Amino acid sequence: MAAVHLTTGVTQMSDDLTQDDLIEAAKAYLKSHYGEDTVRMDVLSNTVSTGTGEMNVECTVSVHGSQSDWNKTFTFRDGEIVDMRARFLR
């Protein structure tokens with residue numbers, strides 16, 4: 001799976017990433033890879049440091065008007081999402 005790089009319109013070093021940047025990257029990843037629109041995203045844990053680590057979220061996504069709840073873990077390397085694991089909640 002291709003990595004999604006953070007695109008903020010400003011060149012940033014990976015150690016300058018905020019949690020909001022990571023959330024926006026995760027939302028863009030879900031949209032580009034799965035066609036999911038993010039309704040809500042709550043961060044449960046975040047070990048991303050200098051652009052590398054994992055962010056675990058609980059989120060509600062919508063696809064063609066149908067909503068579902070998920071626990072998703074995004075793996076970041078050098079400011080890019082390189083993997084995502086998901087568990088359906090309801």
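Treat the numbers as computed from the prediction; the structure is a model and nothing was measured.
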Does D83 have any salt bridge (Lys or Arg N to Asp or Glu O under 4.0 Å) partners at least two apart in sequence or in another chain, and if so, which?
none
Residues in salt bridge (Lys or Arg N to Asp or Glu O under 4.0 Å) contact with D42, at least two apart in sequence or another chain
R40
Rounded to the nearest 0.5 angstrom, the CZ-CG distance for R85 and N56 is 8.0 Å
Let's go through K72 and E36 carefully: what are the C-alpha distance in whole Å and the side-chain angles of both, what is the deciding distance for salt bridge (charged side-chain N to carboxylate O under 4.0 Å, His left out) to 0.1 Å, and is it a yes or a no?
CA-CA 13 Å; K72 299 187 180 203; E36 297 177 347; 2.8 Å; yes
Do [X] and [Y] have side-chain heavy atoms sitting under 4.5 Å apart?
X	Y	value
I23	Q19	yes
L30	T38	yes
N46	F76	no
L22	L17	yes

Can E24 and K27 be counted as an ion pair, charged N to O under 4.0 angstrom?
yes
Locate the shortest heavy-atom distance separating [X] from [Y]; write the atom from each residue and the value.
X	Y	answer
D37	K31	OD1-NZ, 2.7 Å
Q67	S62	CG-CB, 4.0 Å
V48	G53	CG2-C, 3.7 Å

Dump the intermediate steps for side chain to side chain donor-acceptor pair (under 3.5 Å) on D69 and T60, then the final yes or no.
CA-CA 4 Å; D69 296 321; T60 302; 2.5 Å; yes
Would you call the rings of Y29 and H33 parallel, tilted or perpendicular, where under 30° means parallel and over 60° means perpendicular?
parallel
Under a 4.5 Å side-chain heavy-atom rule over Ile, Leu, Val, Met, Phe, Trp and Tyr, are F88 and V39 clustered together?
no
Just one of V63, V61, L89 clears the side chain to side chain contact (heavy atoms under 4.5 Å, CB included) bar with S68, so which one?
V61
V57, T73, N71 screened by side chain to side chain contact (heavy atoms under 4.5 Å, CB included) with L44, the one that passes
N71
With distance as the sole test, does T47 use its side chain to make a donor-acceptor pair with the main-chain N or O of E54 at under 3.5 Å?
yes
